[in-house]
Amino acid sequence: MGMAPRTVRQWLDRGDIPYSGSRKPRASLIDPYKTYLLERWQQGCRQGAQLERELRAKGYKGSPRAIYRYLETLDALSFPARKSGSPSATKPLNPLLALSAPQATWLFFRKQEDLRGRRTREPSAVEASEPTP
C-alpha cells in the first residue's frame, strides 16, 4: 500500500482516516481546447493525429500525449458519433466514469457527515449509481 503498517494500525485503532482537504484541479494547456475536441469527437472524428493537427493550427502548444490522454477519457465515456441532421440525444453516461481517481478516493474516505454538508456533482453521481436494496 505504500505506507507503514504501524500507520494503518493507528488509523484503525482511532477508527478514522486523517482528513485531507480536496485538491484544486490544476490548469493544463489543453483545457481551453477541450470543448473543441468534444465537438469534433461528437461529429465523429476519432483520428488523434487529425485532431492534433487541428489543435496546433488553433495555437495549441502542449504535448501530443495530453491530447491523447483527453481523447481516452472521451472514448471511455463512449460518446456516440453524431451525424449532421441526426438528433443530439445521447445514451446516459455512467457518472462514475466522470470522476478522477483523487475525486473517487475523496468520496470513498469521507465521513457521511462531510458528504451531507457538501452536495456537489460527485456525491450525487456516486449515490445515483449505488444499487437499490
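Being a predicted model, the structure only gives us computed values, none of them experimental.
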Between Glu54 and Gln50, do the side chains contain a donor N or O and an acceptor N or O under 3.5 Å apart? yes
Taking all non-hydrogen atoms of both residues, which atom of Tyr60 and which atom of Tyr33 are closest, and how far apart? N-OH, 3.3 Å
Nearest heavy-atom neighbours spanning Ala27 and Asp31: CA-OD2, 3.5 Å
Those residues at least two apart in sequence (or on a different chain) that pass side-chain hydrogen bond (donor to acceptor under 3.5 Å, both in side chains) with Gln47 are none
Partners passing ring pair (Phe, Tyr, Trp, His ring centres under 6.0 Å) against Tyr70 (at least two apart in sequence or in another chain): none
The complete set of salt bridge (charged side-chain N to carboxylate O under 4.0 Å, His left out) pairs with one or both residues in residues 57-68, sequence neighbours excluded, reads Arg65-Glu72
One should read off an interatomic distance between Arg40 CZ and Leu74 CG, to the nearest 0.5 angstrom, of 12.5 Å
Sequence neighbours excluded, the answer for side-chain contact (heavy atoms from CB on, under 4.5 Å) partners of Ala49 is Arg53, Tyr68
Would you give the length of the straight line joining atom CZ of Arg46 to atom CG of Asp75, rounded to the nearest 0.5 angstrom? 7.5 Å
Applying side-chain hydrogen bond (donor to acceptor under 3.5 Å, both in side chains) to Arg14 and not counting sequence neighbours gives Asp16
Between Arg6 and Trp11, is there a side-chain heavy-atom distance shorter than 4.5 Å? no
Taking salt bridge (Lys or Arg N to Asp or Glu O under 4.0 Å) as the definition, give me every residue that meets it alongside Arg9, ordered by chain and number, with sequence neighbours left out. none
Which atom pair, heavy atoms only, marks the closest approach of Arg56 to Ser63? NH2-C, 4.0 Å
From Arg69 CZ over to Ser28 OG, what is the distance, rounded to the nearest 0.5 angstrom? 8.5 Å
Quick check for you: to the nearest 0.5 Å, what is the distance between Lys34 atom NZ and Trp41 atom CH2? 14.5 Å
Can you name the closest pair of heavy atoms from Ile30 and Ile67 and give their distance? CD1-CA, 3.4 Å
